[in-house]
Amino acid sequence: MNKRLDTRYPVLPAILERWSPRSFADRAPEAHKLRSMFEAARLAPSAHNTQPTRFLLGRKDGGGAYRRLFDCLDPHNREWAHCVPVLVLASVMRRRFSQVKADFVPYPHCMHDLGLAVMSLILQGQHLGLHCHPMAAFDPEKAQRDFAIPTLFAPGIMIAVGYLGDPGALPPDLRDKETGPRTRQPLEEIVFEEAWGQSSPLFAGEG
Amino acid sequence: MNLDRHRFIRNIFSGINDIEEWRLGDAALAAAKGYPREYPADLIDDYGIIFADLVLDSATGRLACHEVNGPNAVGSDALTGDSRPRADNEARQAVRRARELGYLHADGTLKVPVATVHAHQHWKFFRTGGEFYPRVDLFAQALEGLLPGHAVSTHAATDTLGDEPVAVVMGDVPSIAAHIEIDPVTRRFTYRGRPLIFIGNPNLLSELIRTGKLRRDGGRGVDADLRVLHAWRLAGTFHDKGLQQRLLSGTGIRPLRHFSAQSTDETLALTRDMLADGPVVLKPSDTSGGTGVHVVVPEMSDDAIAGCIDTLLADCLAKYGENVEASIFPLGGFEFVRSTGYPMADGGHLWDLRFAVLFEPGRAQAFPVSLRFAPRPFDPGTFHLDRGQWISNVSGRRDTLLKSGMDDEVLRQVGMTGERMEEAMQACVRWTVKAWDHSARGGGSVYEDACEARDESFYPVEKFMA
Ligand SMILES: Cc1cc2nc3c(=O)[nH]c(=O)nc-3n(C[C@H](O)[C@H](O)[C@H](O)COP(=O)(O)O)c2cc1C
Ligand SMILES: Nc1ncnc2c1ncn2[C@@H]1O[C@H](COP(=O)(O)OP(=O)(O)OP(=O)(O)O)[C@@H](O)[C@H]1O
Ligand SMILES: [Mg+2]
């Protein structure tokens, strides 16, 4: 199955290979690969070097955290996520402590910084042959309660991690999606120069 | 049985000049006053304790701070008469660390024999056995409760260890440090070859630096896995009294003007500058018990100041031995802060009031410990010639003059009203959280922090929220 998007310009292999599957193999990711993924997340940049992201790891072959994370998922996600061997909940500091104010201050970039850490984790996993699938459809309040996450932190995203599985095992509607094409907007639609909405000439010439 | 045993120990120590802060303890009074006070501290993600020595500055009427001490300090028994909450806090950190470092099976049993170390002041200066030994005992009991099925045995630093699964070792700083090594690969601490899961006294770091087992890595950080130290994120802060003052800004406690100097010559030059605004207190890094703390006044000649710096170095050499230079610089200079003065028969005595902040993930508890008084009345014309007029810490003197931090009459006389006390405790908690954040984000190396300090609107937060 080739899920690769067409690219006009070369990108890193892990970026090219990455996509968000719903079929996962019944095979646990090796611990050393998970370790590298979190190490990669740890190295991500963040505003004021706040390092706001915290991860809760649930391994199907481990303790009870997996089940409790799974139970936070929306029913639509549970339909396919039951075959996922590893779930990761990424939470983020809602407010930042300012040394100048000696107090907490708003941190509008917190979800952005969580995203940077999560993308590092995803790409490192991809580089090691693992696929990830981020999910926003879960109950953050339930997660906050069930894991006694301090109120300073907000659950942000749930990430499925594992090896690619057989799309044939998915329910029919999901199976079609799984094998179907992926789409992205052309570069001209998202990169402007000189004026908002005006495609950058960077892409106008040769490929 | 416990209390009897601890009373027995304390009786022995009271005969050898112990400071006996436990005698100030009054559980009923503490409860009536709502001590310890509870504060949320979401940012704090581990265990520890700090002790801040505060004064009410007679010049400004504001709170100021002589210094913040780490878990090397005692006095946690001055509230109720024992240090059980602190010992429990220590034990919970030890077990959490054992788990995180991989020394526990999933069922909570130990994979390997481990050790914890509890170090007190150099013997010659040690006067707090009445707090220290009962706390180590309470720690050992708490640990046994948290590690069911494992015998915990206590040892002196001179003991060789047997085959007990958990060794709780106590002794003075040099004897304990003599048996600590740092694994060259993992950078973890071992004691007589066993993994350490808890180090109760950050002064061991200074000793390991002095003896060449550890080195500073550039700044104030050391190249070792510090997570086994109580209050570990603040380990560098306890030995940097200038940083402590900078961290006070915004907490409600007025930071003192200060400098830090890397050499004797630089100390002399910076002291001269600062004397323009009044007397200066010189303090070495990495010492405790008032060692090497001296005051200089504007009237003094350069020679007299240089003589004072020499005396300071000699003090440290006498206490810590060879190679003190490795750890006493940078040498700090601080604005001399004159407290409001406590009226005694012979005049007004300078004082400071120690507060403790005991913290764990998500919360902090603060409480007053004790008031300490300079033994002789303060005279602005002669105090620089007489340490007894301005040094309030009790090291090296027989008569401790301690008063309980819950003694309303004394507090009233020095101006520490109930409101001020609450303000002081909130400020101490705020300092702790701020110092924790500072350390977690790289000890002040963040460029945006510097920008924000110069211009608060640097990161236009509200505009992003809109
Ligand atoms: C959302 C965000 C905003 C940032 N804003 C600034 C900035 O305005 N000025 C600046 O010098 N650095 C800024 N940084 C860089 C961070 O300080 C830097 O990522 C962090 O200190 C970690 O250092 P590193 O990126 O070299 O690993 C920002 C980083 C992020 C993720
Ligand atoms: N800036 C200052 N202004 C006035 N007096 C000070 C100042 N700093 C310290 N002192 C006095 O000197 C004493 C010792 O200073 P400091 O507490 O910093 O040293 P220390 O070696 O850490 O002592 P300890 O370990 O007993 O706390 C204090 O108890 C206080 O009485
Ligand atoms: Mg002190």
Side-chain angles (χ1 to χ4, degrees), chain A residues 31-32 34-35 38-39 41-66 91-117 144-145 147-155, chain B residues 40-45 99 102 105-108 233 237 243 246-255 360-363 426-466:
Chain A
H32 75 88
L34 294 175
R35 285 197 278 265
F38 291 114
E39 185 78 290
R42 189 175 73 92
L43 302 186
S46 58
H48 284 261
N49 201 24
T50 302
Q51 306 163 67
T53 314
R54 301 288 182 275
F55 299 97
L56 259 164
L57 173 63
R59 292 184 271 182
K60 207 179 221 170
D61 60 355
Y66 179 90
S91 302
V92 72
M93 271 170 74
R94 298 168 199 265
R95 292 170 303 150
R96 176 178 77 74
F97 192 87
S98 159
Q99 287 288 313
V100 176
K101 298 224 162 70
D103 205 350
F104 286 100
V105 294
Y107 182 11
H109 285 88
C110 68
M111 278 298 170
H112 168 273
D113 289 354
L114 172 135
L116 291 175
Q144 193 115 36
R145 268 195 318 275
F147 289 93
I149 298 172
T151 52
L152 177 61
F153 291 86
Chain B
D42 273 352
L43 200 81
I44 291 193
D45 56 1
R99 185 181 305 282
H105 293 291
D107 66 0
R233 278 197 204 274
T237 318
L243 173 60
R246 291 192 291 286
L247 287 169
L248 284 170
S249 76
T251 62
I253 298 169
R254 179 175 77 81
E360 61 181 57
R363 63 196 269 257
Q426 286 185 17
C428 289
V429 170
R430 195 176 280 239
W431 182 93
T432 308
V433 173
K434 189 176 172 189
W436 200 259
D437 169 77
H438 184 266
S439 158
R441 290 188 305 111
S445 63
V446 180
Y447 176 65
E448 293 133 283
D449 279 16
C451 297
E452 193 184 9
R454 280 195 294 274
D455 171 10
E456 287 196 24
S457 63
F458 155 76
Y459 178 27
V461 164
E462 302 73 20
K463 297 183 184 174
F464 282 109
M465 309 286 285

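FYI, side chains are in, hydrogens and waters are out, and symmetry mates aren't considered; it's all heavy atoms of this structure. Everything numeric here is computed off the predicted structure, so don't read it as measured data.
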* Within 45° of the six-membered ring axis of A:Tyr66 and under 6.0 Å from that ring's centre, is NZ or CZ of A:Arg59 located there? -> no
* Side chain, backbone, both or neither: which part of A:Gln99 has an atom under 4.5 Å from a heavy atom of chain B? -> both
* Asked: Are B:Asp437 and A:Arg96 ion-paired here, with the side-chain N under 4.0 Å from a carboxylate O?
  -> no
* Asked: With the threshold set at 4.0 Å, does a side-chain nitrogen-carboxylate oxygen contact exist between B:Lys434 and A:Asp103?
  -> no
* Please flag which part of B:Leu248 lies under 4.5 Å from any non-hydrogen atom of chain A: side chain, backbone, both or neither. => neither
* Against chain A, label B:Tyr447 side chain, backbone, both or neither, depending on which of its atoms sit under 4.5 Å from a heavy atom there. => neither
* Which region of B:Ala106, side chain (C-beta onward) or backbone (N, CA, C, O), has a non-hydrogen atom less than 4.5 Å from a non-hydrogen atom of chain A, or is it both or neither? -> neither
* How about B:His438 and A:Phe97: are their ring centroids closer than 6.0 Å? -> no
